[in-house]
S.K.: 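My questions will all concern the structure given below.
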Amino acid sequence: MNRSHKHRQAAESRRLEALHSLRILESGPRPDLDEIALAAARIFDVEAAVIALVDENHVRFKARFGIDESEVKREHDLCARVIESDSVLVCEELEAHPDVCLPSSTSQGPFNFFVGIPLCTREGHRIGALCLWDSKSRQLLPAQLKTLEFLAQMVMLAIQLDESAATLHRDAEYLGEIDRQNRELELIFDSMHEGIVVQDKVGQIFKFNQAACDILGLTADELCGRTSIDPRWRAMREDRSDFPGIEHPSMIALKTGEPQLNVLMGLNLRDGTERWITINAIPLFTAGESAPYQVMCTFADITANRLYQDDLIQSREAERSANQAKSAFLAAMSHEIRTPLHGVIGMTELILESDLDASQRTIAETVVNSGKHLLGIVNDILDFSKIEAGKMTLESVDTELVDCTEAFLKPLRYSAEAKGLKLLFRSNLAQINVKTDPSRFGQIVTNLVGNAIKFTSEGSITVDVHAELANEIVKLTVKVIDTGVGVPDSAIPSLFQPFKQADVSTTRVFGGTGLGLAISSRIAQQMGGDLCYSHNPAGGSIFQFTAWFVPCQASVAVTSRGSEVQPLRGHILVAEDNPVNQMVLSRNLDRLGCTYEIVGDGQLALDALARSRFDVVLMDCMMPVMDGYEAAKLIRSSEDADLRRIPMIAVTANTVDDDLQECLASGFNDFLTKPFGVEQLYAKLSSFLDQQATPRSA
């Protein structure tokens, strides 16, 4: 008995530690949890629903509907008993349990029915429960219990995602401190009057400042027109060997198009003195060109300050380690969140296909929209991480911008109309065809217009697209003008900073991570432009996005990426270990008209391919026994020529570029990122069912 008591105490201690680590007890109101509690009450047609968190002595209702109290004592409370059960706790006749303490109801009669399901962390700790009460006794069907499990998963996803965002915010503050230290070191260099020279594409200096003349010990006439390969330079490496002019950082930057940073060089000046400098060479590009047309070199005299180099190296190493840790964290969180989210969204969308009354359909649509909102937050965090790590790259495809803009505005019109707002679109050209990344361009438009709709309660939103051609380059200006609440002057300086919102209270009212504008601004900068804000004289906001593009032919322009789902013919092998995802895939394949076989791991997939012929393989990457990567490699190395050529699509919850490249390197032809809908599944399958494809190069 003593050992059993100690075991229970240890388990309870670990459970409480997991609860407090989420920091949810101290957080403010959570509208997202309130919506889930309300949705649960309406789905099951009960009088009360709560999201309860169980601490040492109390049961605290983080979200409640139909209940007066915000907390009750833990002793004799049914919610507290739920965390002691293995699954769902159902009490159909509460009158038969006089020892149970019932919360006070906002309805007339006493409660006589109760059902509760534990809220479990990924480690299995039960931190609380999702509980329902009603005055009428009832029995729940298995399908209803499954829906209750889905709602409990959504509660934990919301709680854990909020804590993940908070952790990322703390990481960002830590990185900001490192960045502050780096800026202090850069200020030391600035105080030494950093030299700047600009060289043309053959390396000839044509612009410079006085500090450059002072550091190099040359007059303006002597410096102007020189190149880095001029034999009059007397440069040396750190070991005092000759530093050839052809290997000067500016010449390498012009040749490779890659920045050369913090290159150390020694100079023997003509007065006999020795000087050491650090050089940064940055290539400058014309929009759309792959070769630089100029290079800008900045250099600082560090002769008296070389002792600071060790501090600089250590600081940058700490920043690199922090970025690696952040990237690893985001990759893990992406996989952990997207896999169950795929099931939640997919299963709820399947429910929407069934016969539902208007109220039930509204509730199910709310569940889908909440899941997609969570997915949007995950995507924002991952996009920002890619930008910060310098890993976000833009496609360059032929795009018709006017039609493309209208395509992205189409779904937003429904949101505007639902609020009684007018969404207007104006353009100075009938067509404008350029090379750009339509998805990223649409991401900016969607973010700006979505924000305008969110922060506008009445009036209109106008999207104005203006283009002008100069020197065979298109300058595009997109204005999003609303009549909403506007932005206070005090908040404008931090408007495009990550994790910032114009007013802290707007997070509670409108939601969001504070990353959308920061991401849009960085994408605009990658497109050679900028994103800025100004007040609307009529009241509201004006966000203006500018970018520079190379024009292209209209005949091949991309306008949108949607496609109508048509029936397909094909026999598909599905390798997926998650039962929920198996169900979602099977229903979607039924809708597409495909036949299929489902197996639970890579080895079973190999066995199925040995006994049957399939047109396409859909394979999850992370499975027990044998994962998708290993199975794909074995298929591509098979002695059977037909098997080696079979199209394979990886199904993965990872979105990091390195993980997606690993899919292609393992032999997959393409990949689907969870969560995905039937349209994305159709697009991938349709590209392989008409012809046998070979693996794309990684």
Side-chain angles (χ1 to χ4, degrees), residues 143 146-147 149-150 153-154 157 334-354 364 367-368 371-372 375 563 565-609 612-629 631-632 635 646-655 659-660 663 666-689 693:
K146 196 68 175 178
T147 300
E149 292 177 5
F150 287 154
Q153 290 176 6
M154 286 193 65
L157 281 171
S334 173
H335 184 274
E336 291 298 322
I337 293 173
R338 286 174 178 273
T339 296
L341 196 55
H342 178 62
V344 171
I345 295 175
M347 292 300 292
T348 312
E349 286 179 339
L350 292 177
I351 293 175
L352 284 169
E353 295 177 23
S354 60
V367 175
V368 171
K372 290 181 177 179
L375 179 61
S563 59
V565 176
Q566 299 292 337
L568 296 174
R569 292 183 180 180
H571 190 43
I572 314 300
L573 175 61
V574 178
E576 167 64 68
D577 64 304
N578 187 290
V580 176
N581 290 339
Q582 287 180 355
M583 185 180 301
V584 173
L585 276 169
S586 65
R587 296 291 181 86
N588 285 335
L589 288 172
D590 285 337
R591 291 177 61 190
L592 296 179
C594 296
T595 60
Y596 53 88
E597 180 178 344
I598 298 179
V599 296
D601 60 62
Q603 182 59 57
L604 293 175
L606 294 176
D607 296 340
L609 289 168
S612 303
R613 298 189 66 84
F614 297 90
D615 297 308
V616 178
V617 177
L618 277 173
M619 185 145 53
D620 189 22
C621 293
M622 306 300 292
M623 294 183 292
V625 183
M626 180 186 293
D627 62 31
Y629 299 118
I635 291 170
I646 189 170
M648 294 190 297
I649 301 174
V651 179
T652 175
N654 294 325
T655 60
D659 296 322
L660 300 180
C663 293
S666 300
F668 287 102
N669 299 82
D670 210 334
F671 46 79
L672 272 167
T673 302
K674 298 176 183 176
F676 56 86
V678 68
E679 293 86 359
Q680 291 90 344
L681 179 62
Y682 170 83
K684 296 295 184 181
L685 288 177
S686 62
S687 63
F688 295 113
L689 287 177

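Every value quoted in this text rests on a predicted model; they were computed, and no experiment measured them.
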S.K.: Given the rule in the side chain to side chain contact (heavy atoms under 4.5 Å, CB included) test, do Arg587 and Leu585 qualify, once you have shown the distances and angles that lead to the verdict?
M.R.: CA-CA 6 Å; Arg587 296 291 181 86; Leu585 276 169; over 6 Å; no

S.K.: What I'd like to find out is whether the side chain of Phe614 reaches to under 4.5 Å of the side chain of Ile572, using heavy atoms alone.
M.R.: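 Side-chain contact under 4.5 Å: no.
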
S.K.: Just verifying a value: how many Å separate Leu685 CG and Cys594 SG, rounded to the nearest 0.5 Å?
M.R.: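 Between atom CG of Leu685 and atom SG of Cys594 there are 5.5 Å.
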
S.K.: Is Asn588 close to Tyr682 at the side-chain level, that is, under 4.5 Å between some pair of heavy atoms?
M.R.: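 No - every pair of side-chain heavy atoms lies 4.5 Å or more apart.
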
S.K.: So, Asp620 side chain and Met623 main chain: donor-acceptor pair closer than 3.5 Å or not?
M.R.: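 Not at all, since once roles are kept as given, no pair shorter than 3.5 Å links the two residues.
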
S.K.: Return yes when atom CE of Met626 has more than 12 non-hydrogen atoms of other residues, nucleotides or ligands closer than 6.0 Å, and no otherwise.
M.R.: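 Yes, the 6.0 Å shell around CE holds more than 12 heavy atoms from other groups.
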
S.K.: Can you tell me if Glu576 uses its side chain to pair, donor with acceptor, with the backbone of Met619 under 3.5 Å?
M.R.: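 Not at all, since once roles are kept as given, no pair shorter than 3.5 Å links the two residues.
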
S.K.: At what distance, to the nearest 0.5 angstrom, does CZ of Phe671 lie from SG of Cys621?
M.R.: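 Here the rounded value is 10.0 Å.
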
S.K.: Where is the tightest heavy-atom contact between Lys684 and Ile649, given as atom of each residue plus distance?
M.R.: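 Between these two residues, the closest heavy atoms are CB-CD1, 3.8 Å.
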
S.K.: Minimum heavy-atom separation for Phe668 and Ala632, please, with both atom names.
M.R.: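 Closest approach of Phe668 to Ala632, heavy atoms only: CE1-CB, 3.7 Å.
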
S.K.: Which pair of non-hydrogen atoms, one from Pro647 and one from Asp615, has the smallest distance, and what is that distance?
M.R.: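 Taking every non-hydrogen atom into account, CD-O, 3.3 Å.
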
S.K.: Within a strict 4.5 Å, meaning less than it, do heavy atoms of the Ile646 and Val616 side chains meet?
M.R.: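 Answer no - side chains too far apart.
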
S.K.: Would you say the side chain of Met622 lies within less than 4.5 Å of the side chain of Tyr629, judging by non-hydrogen atoms?
M.R.: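 Yes, at least one pair of side-chain atoms sits under 4.5 Å.
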
S.K.: What are the two closest heavy atoms between Leu573 and Ala608, and how far apart are they?
M.R.: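 Of all heavy-atom pairs spanning Leu573 and Ala608, the closest is CD1-CB, 3.9 Å.
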
S.K.: I'd like to check Val574 versus Leu589 (side-chain heavy atoms, cut-off strictly below 4.5 Å). Are they in contact?
M.R.: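 Side chain of Val574 against side chain of Leu589, heavy atoms only: contact under 4.5 Å found.
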
S.K.: Heavy atoms, side chains only, cut-off 4.5 Å: are Thr652 and Leu672 in contact?
M.R.: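 No, side chains not in contact.
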
S.K.: Less than 3.5 Å apart, any donor N or O on the side chain of Asp590 or Tyr596 sitting next to an acceptor on the other?
M.R.: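 Side-chain D/A pair, Asp590 to Tyr596: present.
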
S.K.: Could you tell me the separation between the SG atom of Cys663 and the CG atom of Asp670, rounded to the nearest 0.5 Å?
M.R.: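 With rounding to 0.5 Å, SG (Cys663) is 9.5 Å from CG (Asp670).
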
S.K.: Give a yes or no on whether the backbone of Leu609 and the side-chain of Ser612 come within a donor-acceptor separation of less than 3.5 Å.
M.R.: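 Checking the backbone N and O of Leu609 against the side chain of Ser612, no donor-acceptor pair under 3.5 Å is found.
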
S.K.: Any luck finding a side-chain donor-acceptor pair between Gln603 and Asp607 under 3.5 Å?
M.R.: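 Their side chains do contain a donor-acceptor pair, which is all the 3.5 Å distance test asks for.
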
S.K.: Return the CD to CG distance between Glu597 and Leu604, rounded to the nearest 0.5 Å.
M.R.: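 Glu597 CD to Leu604 CG: 9.5 Å, rounded to 0.5 Å.
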
S.K.: Please name the pair of heavy atoms, one in Ala631 and one in Leu606, separated by the smallest distance, quoted to 0.1 Å.
M.R.: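 Closest approach of Ala631 to Leu606, heavy atoms only: O-CD2, 4.1 Å.
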
S.K.: Do Asn581 and Met583 make a side-chain contact, defined as non-hydrogen atoms from C-beta onward lying under 4.5 Å apart?
M.R.: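 Contact flag for Asn581/Met583 side chains = no.
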
S.K.: Please check if the side chain of Asp577 supplies one atom and the backbone of Gly600 the other of a donor-acceptor pair under 3.5 Å.
M.R.: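 Looks like no, no N/O pair under 3.5 Å.
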
